[in-house]
There are 2 protein chains.
Amino acid sequence: MATVVRNTRQRSAVAQLLLETDEFRSAQEIYDLLRQRGTSVGLTTVYRTLQSLAEADEVDMMRPPGGDYLYRQCTTEHHHHLVCRSCGSTVEITGPAVESWAQRIAAEHGFSDISHTLELFGTCRTCSAQ
Amino acid sequence: MATVVRNTRQRSAVAQLLLETDEFRSAQEIYDLLRQRGTSVGLTTVYRTLQSLAEADEVDMMRPPGGDYLYRQCTTEHHHHLVCRSCGSTVEITGPAVESWAQRIAAEHGFSDISHTLELFGTCRTCSAQ
DNA sequence: AAATTTAATGATAATGATTGTCATGTGCAA
DNA sequence: TTGCACATGACAATCATTATCATTAAATTT
């Protein structure tokens with residue numbers, strides 16, 4: 001019954017690249033980076049692998065306003081992000097009382113099964129200096 | 001120089017529908033609703049009008065995880081939303097100290113030109129009862 | 001080690017939301 | 001009323017993502 005995840009060259013290549021990448025990257029960027037380092041993986045497989053890793057909570061997946069989905073290897077504890085709009089460099093941040101606040105507000109209005117999105121976007125120091 | 005916004009039947013129809021709609025709706029849904037009430041507007045024009053209204057901060061525009069852009073007439077003061085994943089019904093909420101918190105965190109990491117997204121998603125009472 | 005089973009791969013096509021094009025329509029200022 | 005510039009909308013184009021499916025190759029069994 002349990003879905004067996006096979007250990008393939010492609011899955012390892014994607015996982016390894018994510019380990020070495022600190023910025024949020026799109027599927028296309030990850031595809032390009034893999035080609036550059038000589039460990040090409042088909043674009044379809046890149047999408048599938050990222051989706052699989054995201055479902056397993058091994059990578060974070062987000063979509064900035066007006067942009068495509070971005071992926072990044074993160075710690076497993078719940079956190080939020082401060083992301084550079086220009087280069088994708090990322091700082092993991094821990095929201096203060098967002099969790100409990102969200103639950104309380106939702107309950108007050110009769111909403112259940114609550115989730116939330118909280119992301120900060122800005123321009124990092126490097127990109128500010130052009 | 002200033003862009004003049006003309007008062008057309010189509011723009012009025014979209015604005016009027018938004019005034020009477022309390023839920024976040026997609027462009028396609030708005031297009032359909034306009035047809036139903038006999039004030040049809042071309043889909044391209046619906047998109048253009050919504051974008052124009054969003055840029056003027058007269059409607060809020062958001063994109064739930066895995067979904068398309070949604071639009072809703074809101075108050076002009078800055079606020080966040082609690083949105084039903086199932087029917088789109090929305091409660092406007094005011095975040096606590098999110099603003100200042102975001103600015104402080106960003107400054108600590110050398111980021112400038114900060115913006116943030118904070119949205120809550122859940123299932124409203126009506127949809128919980130099927 | 002070979003055979004077998006079944007998930008994974010990837011080239012390609014399909015999808016679908018959003019945007020671009022451009023001929024025509026129309027608000028509005030003169 | 002006229003003229004100009006923006007607005008409209010049918011249609012085509014774009015493009016990220018997903019579906020298809022024949023082929024490859026893990027992992028398991030013989």
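Keep in mind that what you see is a predicted model, and the values were worked out from it rather than measured. Computed over heavy atoms, backbone and side chain alike; hydrogens, waters and symmetry mates excluded. Each chain gets a letter, A, B and so on, in the order its sequence line appears, and its residues count up from 1.
No hydrogens or angles were tested; on distance alone, a donor-acceptor pair under 3.5 Å links the side chain of A/R48 to the base of C/dG10.
B/D32 meets the salt bridge (charged side-chain N to carboxylate O under 4.0 Å, His left out) test with no other residue; sequence neighbours excluded. A/S52 pairs by the side chain to side chain donor-acceptor pair (under 3.5 Å) definition with A/R11, not counting sequence neighbours. Taking B/E20 as the reference, B/R37 meet the salt bridge (charged side-chain N to carboxylate O under 4.0 Å, His left out) condition, with sequence neighbours excluded. Remark: B/H79 pairs with B/H81 by the ring pair (Phe, Tyr, Trp, His ring centres under 6.0 Å) rule, at least two apart or across chains. In this structure, B/R6 has no salt bridge (charged side-chain N to carboxylate O under 4.0 Å, His left out) partners at least two apart in sequence or on a different chain. Annotation: salt bridge (charged side-chain N to carboxylate O under 4.0 Å, His left out) contacts of B/R35 (sequence neighbours excluded): none.
The distance between atom OH of A/Y71 and atom C1' of D/dA16, rounded to the nearest whole Å, is 10 Å. Per the geometry, CE belonging to A/M62 stands 17 Å off C1' belonging to D/dA16, to the nearest Å. Residue A/R63 contributes atom CZ, which lies 11 Å from atom C1' of D/dT17 at whole-angstrom precision. Rounding to whole angstrom units, CE of residue A/M61 and P of D/dA16 are separated by 15 Å. One can place CG of B/L70 at 12 Å from P of C/dA17, the figure rounded to the nearest angstrom.
At least one side-chain heavy atom of A/T75 sits less than 4.5 Å from a side-chain heavy atom of A/E92.
Both B/Q51 and A/V46 lie near DNA chain C, and the one whose nearest nucleotide falls closer to the 5' end is A/V46.
Heavy-atom distances under 4.0 Å link DNA chain C to A/R9, A/Q10, A/R11, A/V41, A/G42 of residues 9-43 of chain A, given in residue order.
Among the atoms of the strands shown, base atoms are found under 4.0 Å from some heavy atom of B/T45.
Judged as a salt bridge (Lys or Arg N to Asp or Glu O under 4.0 Å), not a single pair has a partner in residues 47-56 of chain B (not counting sequence neighbours). Under the salt bridge (Lys or Arg N to Asp or Glu O under 4.0 Å) criterion, the residue pairs touching residues 109-130 of chain A are A/D113-B/R85, with sequence neighbours excluded.
Remark: side-chain polar atoms of B/R72 are not paired, donor with acceptor, to backbone N or O of B/R25 under 3.5 angstrom.
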Please list, pair by pair, any protein nitrogen or oxygen found under 3.5 Å from a nitrogen or oxygen in nucleotides 1-6 of chain C.
from: C/dT6; atom 1: O2; to: A/R6; atom 2: NH1; distance (Å): 3.1
from: C/dT6; atom 1: O2; to: A/R6; atom 2: NH2; distance (Å): 3.0

Protein N or O to nucleotides 11-15 of chain D N or O, pairs below 3.5 Å:
from: D/dC11; atom 1: N4; to: B/T44; atom 2: OG1; distance (Å): 3.1

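A/Y31 belongs to a hydrophobic cluster with A/V14, A/L17, A/L18, A/I30, A/L33, A/L34, A/V41, A/L43, A/V46, A/Y47, A/L50, A/L53, A/V59, A/M61, A/Y69, A/Y71, counting contacts under 4.5 Å between side-chain heavy atoms of Ile, Leu, Val, Met, Phe, Trp and Tyr, direct or through other members.
Each of D/dT17, C/dT19, C/dG10 was ranked by its minimum atom distance to the side chain of A/Y47; first place goes to D/dT17.
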